[in-house]
Amino acid sequence: KICYIGCGVTTGIGAVINTAKVEPGDNVVVFGLGGIGLNVMPCTGAANQQWAQNSAQNSAHIHLQGNAAIVTAADSTHDGTSANVVNVTLMGAEDLMGDFEIEVEVNVATPSDGKYKPIVSRTVGGSNADAQFNLQIQTNGNINFFMGNGASSGIALNGGTLVSSTWTAIKVTMSSNVVSLYVDSVLKESATFSGSRQSASTLPMQIGRYLNPSGFQYFTGQVRNFK
């Protein structure tokens with residue numbers, strides 16, 4: 001028990017201070033609620049306890065339900081800058097290297113504004129081929145999801161043009177390398193990922209920002225019901 005406490009506490013603190021380099025005002029979500037994950041959080045307890053670290057307009061929550069960790073993010077407005085970017089800290093087996101689901105609702109006034117608008121992503125920033133994934137609105141307003149395989153795009157799915165100034169539900173699922181993109185509960189495209197999946201371990205999952213070779217891209221619009 002002494003070793004467990006010593007390892008869990010120091011590793012959890014180190015993950016916050018040294019690895020993620022969390023600073024006051026940052027929004028952080030922890031995936032994985034074992035000995036380390038629980039020590040990243042300021043409190044632990046029974047199932048259904050939640051923790052939130054708030055900023056002026058955005059917050060992230062973890063709900064403990066049995067052994068499952070369900071991640072949600074509060075409604076937020078993004079202005080095309082870093083002001084409302086949310087960092088999602090993944091830990092251990094929750095590193096999105098297996099099957100996963102991503103759900104989110106977005107509302108964008110001008111989807112085809114000539115800018116890439118990342119909704120949620122994870123990448124090392126070297127190239128799109130190095131991206132673990134990126135769910136975005138493209139310059140022409142198209143809903144797009146892609147995953148790099150280290151050499152090129154392992155998969156790229158399109159969901160059609162986003163309707164302006166309208167809340168739209170987007171869902172991405174990955175099951176046994178089959179990736180599917182849904183818009184308002186309608187399957188838009190599905191395909192099989194090919195190549196090597198990227199861990200993108202040097203950057204956290206981010207809501208509202210994507211790093212490509214040319215620099216950061218930011219989301220402009222509203223986000224709600226991320227999970």
Side-chain angles (χ1 to χ4, degrees), residues 20-21 23 25-29 55-58 60 71 73-90 96 100 102-172 179 181 183 188-189 197-226:
K21 296 180 173 61
E23 298 180 356
D26 286 348
N27 297 298
V28 178
V29 177
S55 65
Q57 297 182 359
N58 211 351
V71 177
D75 299 355
S76 58
T77 299
H78 299 257
D79 60 1
T81 71
S82 62
N84 297 103
V85 173
V86 177
N87 291 330
V88 183
T89 301
L90 306 175
L96 290 188
F100 64 82
I102 297 172
E103 295 185 50
V104 67
E105 295 179 29
V106 298
N107 190 323
V108 179
T110 311
S112 56
D113 61 357
K115 298 179 181 179
Y116 286 99
K117 294 170 286 299
I119 302 167
V120 57
S121 71
R122 194 169 188 232
T123 182
V124 297
S127 70
N128 289 340
D130 298 321
Q132 188 178 39
F133 72 90
N134 184 23
L135 175 61
Q136 64 177 346
I137 309 301
Q138 294 177 307
T139 58
N140 61 357
N142 180 60
I143 300 168
N144 173 262
F145 178 83
F146 70 85
M147 300 172 65
N149 62 14
S152 61
S153 175
I155 196 167
L157 303 177
N158 294 303
T161 302
L162 180 70
V163 179
S164 62
S165 302
T166 302
W167 282 108
T168 302
I170 304 172
K171 180 178 180 179
V172 178
V179 185
L181 174 61
V183 177
K188 292 296 184 177
E189 193 171 5
R197 293 177 63 177
Q198 304 299 292
S199 64
S201 59
T202 59
L203 283 178
M205 182 196 297
Q206 296 189 315
I207 301 172
R209 180 166 67 178
Y210 174 71
L211 177 60
N212 75 359
S214 300
F216 283 112
Q217 299 169 345
Y218 295 98
F219 185 75
T220 302
Q222 296 173 282
V223 176
R224 72 182 185 188
N225 296 331
F226 168 78

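Here the structure is a predicted model, which is why all the values come from computation and not from measurement.
The shortest distance between side-chain heavy atoms of N212 and T123 does not fall below 4.5 Å. Counting only heavy atoms from C-beta outward, the side chains of S82 and F216 never approach each other to under 4.5 Å. Residues V179 and V172 form a side-chain contact, since some pair of their non-hydrogen atoms from C-beta on lies under 4.5 Å apart. Between V120 and M205 the shortest side-chain heavy-atom distance falls below 4.5 Å. Between F226 and I207, some side-chain heavy-atom pair lies under the 4.5 Å cut-off. Taking the side chain as every heavy atom from C-beta outward, L181 and N158 never approach each other to under 4.5 Å. Put simply, the side chain of I155 does not reach to within 4.5 Å of the side chain of F146, judged on heavy atoms. Annotation: side chain of M147 is in contact with side chain of R197 (closest heavy-atom distance under 4.5 Å).
Heavy-atom minimum distance, A129 versus A151: CB-C, 3.7 Å. Contact between I137 and I143 at its shortest, heavy atoms only, is CD1-CG1, 3.9 Å. Between E105 and W167, the shortest heavy-atom distance links the atoms O-CZ3, 3.6 Å. The two residues N149 and Q198 make their nearest non-hydrogen contact at C-NE2, 3.2 Å. Residues I170 and V106 share a closest heavy-atom pair of CD1-CG2, 3.9 Å. The minimum heavy-atom distance linking S127 with P213 is given by the pair CA-CG, 3.6 Å.
Expressed to the nearest 0.5 Å, how far CG of N142 lies from CG of L162 amounts to 9.5 Å. Rounded to the nearest 0.5 angstrom, L211 CG and S121 OG are separated by 8.5 Å. In this structure, NZ on K115 lies 11.5 Å from CD on Q217, to the nearest 0.5 angstrom. Note: N144 CG to Y116 OH = 8.5 Å, rounded to the nearest 0.5 Å. Note that OG1 of T220 is 6.5 Å distant from CG of D113, once rounded to the nearest 0.5 Å. Residue T81 holds its OG1 atom at 13.0 Å from CZ of F219, rounded to the nearest 0.5 Å.
No donor-acceptor pair under 3.5 Å is formed between the side chain of T110 and the backbone N or O of S112. K117 contributes a side-chain N or O that, together with a main-chain N or O of P111, makes up a donor-acceptor pair within less than 3.5 Å.
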Could you walk me through whether N128 and Y210 pass the side-chain contact (heavy atoms from CB on, under 4.5 Å) check?
CA-CA 10 Å; N128 289 340; Y210 174 71; 2.6 Å; yes
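Cation-pi check for R122 over F133 is not met; the charged atom does not lie both under 6.0 angstrom from the ring centroid and within 45 degrees of its normal.
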